[in-house]
Amino acid sequence: MKYQENPPKTLTDYMGIKDTDIQEPEHDDICLKLIDEKILKKIFLDKIYKEELKDDVYTTKFDILKLTNSYDDGYFYRISNNGYVSSSYTIKDTLKTPTIYRKSKLDIINSKIGHVVVKRGSNWFSQRLGFVDVFCRLSVVKIWEIKDENKFHQLDYEEKQYGIFFKVKTSKPSISIVSRDIEFFRDALKEIEKVDVTPFYVGHSKLPVKQFESITIDEILKMERELE
């Protein structure tokens, strides 16, 4: 009887996208570094968000406008250099110079090595599309508060979530296969996770393509040293 290979179990297997690097020890080492919380946050802030997350205090940098047709003495707060805060808060006339605080934070919701990408249909049918080396879901939260009589009252709450994933290659890659792999999972994860998804290629050298960003293994090791 002629020997037959086991049938493919994921869509990427059917597509002929093979990944032999996962059997190499260096591949595991890099993946373990990429789920480090400090490294993940640095990559996100440096490469994606590109904005400093900091706490701000506004005393003279905002306008206070009286609400019209309201049943109380509510006020609408407009922060001049941050757009509009969509909530109102009733303050007493004695509070002539209210102070507004904006607090910002970055949270990692989850991060996984060998994350399985599963597409679920309305009839509960699930299809395993394949695996990404490292996947992370993050959340940026901004909260605006007003201080009145030594108490803080929330004016507005803003949260946005993001997804990032990494394709790690410790051997010399096929640019065509890596590009197809990354583009496939970018589209799939964006549809499944319902968030903006940013892919990264990680290898010993950067790939000369523009549709995704490359990070070298040396850069990861440098981040690790700087964050110790």
Side-chain angles (χ1 to χ4, degrees), residues 19 21 27-56 79 81-84 102-119 129-144 156-170 173 175 177-228:
D19 193 353
D21 289 74
H27 185 277
D28 286 347
D29 292 341
I30 299 304
C31 289
L32 287 170
K33 296 181 191 304
L34 287 170
I35 61 168
D36 179 270
E37 184 172 306
K38 292 180 180 178
I39 291 178
L40 275 174
K41 288 184 175 181
K42 181 171 178 57
I43 291 173
F44 175 78
L45 292 174
D46 290 352
K47 306 289 186 179
I48 301 174
Y49 199 68
K50 297 180 181 178
E51 177 184 332
E52 184 181 1
L53 289 177
K54 60 181 180 180
D55 296 341
D56 293 315
I79 301 176
N81 59 347
N82 270 283
Y84 287 90
R102 187 191 76 171
K103 300 176 182 178
S104 305
K105 64 176 181 176
L106 171 63
D107 290 326
I108 294 178
I109 299 173
N110 60 57
S111 59
K112 298 178 182 177
I113 294 177
H115 175 66
V116 58
V117 182
V118 179
K119 187 174 183 180
L129 303 182
F131 299 85
V132 292
D133 292 319
V134 175
F135 174 77
C136 178
R137 191 180 180 101
L138 308 99
S139 170
V140 176
V141 174
K142 295 180 182 179
I143 300 173
W144 284 267
D156 202 21
Y157 178 93
E158 177 185 302
E159 179 180 5
K160 184 174 181 180
Q161 295 189 8
Y162 301 80
I164 59 177
F165 72 91
F166 299 90
K167 175 67 177 178
V168 180
K169 295 290 289 183
T170 54
I175 297 177
I177 290 179
V178 169
S179 297
R180 293 173 188 176
D181 197 5
I182 288 179
E183 291 294 345
F184 173 77
F185 283 116
R186 187 214 306 261
D187 291 343
L189 284 168
K190 186 175 181 179
E191 179 182 351
I192 294 167
E193 300 290 336
K194 309 299 183 187
V195 294
D196 292 337
V197 176
T198 303
F200 288 93
Y201 166 78
V202 180
H204 285 287
S205 59
K206 295 185 177 183
L207 295 185
V209 293
K210 295 182 178 179
Q211 65 261 40
F212 53 85
E213 190 163 356
S214 298
I215 304 176
T216 66
I217 292 174
D218 285 342
E219 285 182 88
I220 301 297
L221 297 176
K222 183 180 178 181
M223 288 181 196
E224 184 181 42
R225 291 192 298 269
E226 293 174 346
L227 294 170
E228 285 181 350

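This structure is a prediction, so every number in the text was calculated from the model and none was measured.
Shortest non-hydrogen contact noted between Pro173 and Tyr201 is CG-OH, 3.3 Å. Contact between Val195 and Gly163 at its shortest, heavy atoms only, is CG2-N, 3.7 Å. Closest approach of Ser104 to Lys142, counting heavy atoms only: OG-CG, 3.8 Å. Between Gly114 and Phe131 the shortest heavy-atom distance is O-CD2, 3.6 Å. Between Thr170 and His204 the shortest heavy-atom distance is O-CD2, 3.3 Å. Minimum interatomic distance between Pro208 and Ile175 (heavy atoms only, all atoms of both residues): CD-CD1, 3.8 Å.
With contacts defined as side-chain heavy-atom distances shorter than 4.5 Å, the pair Ile30/Val202 qualifies. The shortest side-chain heavy-atom distance between Phe44 and Ile108 does not fall under the 4.5 Å cut-off. Within the 4.5 Å cutoff, no side-chain heavy atoms of Glu51 are placed close to those of Val140. Taking 4.5 Å as the limit, every side-chain heavy atom of Val197 sits out of range of all side-chain heavy atoms of Ile164. Looking at heavy atoms from C-beta onward, Glu224 lies in side-chain contact with Ile39 at the 4.5 angstrom threshold. For the pair Lys105/Leu53, no side-chain contact is recorded, criterion being any heavy-atom separation below 4.5 Å from C-beta on. Using a 4.5 Å heavy-atom threshold, the side chains of Ile35 and Ile113 count as touching.
In summary, the side chains of Glu159 and Ser139 do present a donor paired with an acceptor at a separation below 3.5 Å, with no hydrogens or angles considered.
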- Query: side-chain contact (heavy atoms from CB on, under 4.5 Å) between Phe212 and Ser179: does it pass, once the steps are laid out?
  - Reply: CA-CA 8 Å; Phe212 53 85; Ser179 297; 3.8 Å; yes
- Message: With salt bridge (charged side-chain N to carboxylate O under 4.0 Å, His left out) as the criterion, how do Lys222 and Glu219 come out once you've worked through the C-alpha distance, each side chain's angles and the decisive distance to 0.1 Å?
- Response: CA-CA 5 Å; Lys222 183 180 178 181; Glu219 285 182 88; over 6 Å; no
- Evaluate the criterion ring-ring contact (aromatic ring centres under 6.0 Å, His included) for residue pair Phe166 and Phe200; output intermediate values, then yes/no. CA-CA 5 Å; Phe166 299 90; Phe200 288 93; 5.4 Å; yes
- Go through the steps to decide whether Val132 and Val117 satisfy the test side-chain contact (heavy atoms from CB on, under 4.5 Å), and finish with yes or no. CA-CA 7 Å; Val132 292; Val117 182; 4.3 Å; yes
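If you take CD1 on Ile217 and CD1 on Ile215, they are separated by 11.0 Å, rounding to the nearest 0.5 Å. For the atom pair OG1 of Thr198 and CD1 of Ile43, the computed distance is 11.5 Å after rounding to the nearest 0.5 Å. Atom CZ in Arg137 sits 5.5 Å away from atom CD1 in Ile109 (nearest 0.5 Å). Rounded to the nearest 0.5 angstrom, Asp218 CG and Met223 CE are separated by 11.5 Å. The CZ atom of Arg186 sits 8.0 Å away from atom CD1 of Ile182, with the distance rounded to the nearest 0.5 Å. Taking CD1 of Ile220 as the start and CG of Leu34 as the end, the distance is 5.0 Å to the nearest 0.5 Å.
Electrostatic pairing of Lys167 and Glu213 does not count as a salt bridge here, judged by no charged N lying under 4.0 Å from a carboxylate O. Between Asp133 and Lys169 there is no salt bridge, since no side-chain nitrogen of the basic residue lies less than 4.0 Å from a carboxylate oxygen of the acidic one. Between Glu228 and Lys38, no side-chain nitrogen of the basic residue sits less than 4.0 Å from a carboxylate oxygen of the acidic one, so the salt-bridge criterion is not met.
In this structure, the side chain of Ser214 engages the main chain of Leu207 through a donor-acceptor pair within 3.5 Å.
For Lys41, the NZ atom counts as densely surrounded, since its 6.0 Å shell holds more than 12 non-hydrogen atoms of other residues, nucleotides or ligands. Residue-environment remark: NZ (Lys47) exceeds the threshold of 12 foreign heavy atoms within 6.0 Å.
In this structure, Phe135 has its ring center no closer than 6.0 Å to that of Phe165.
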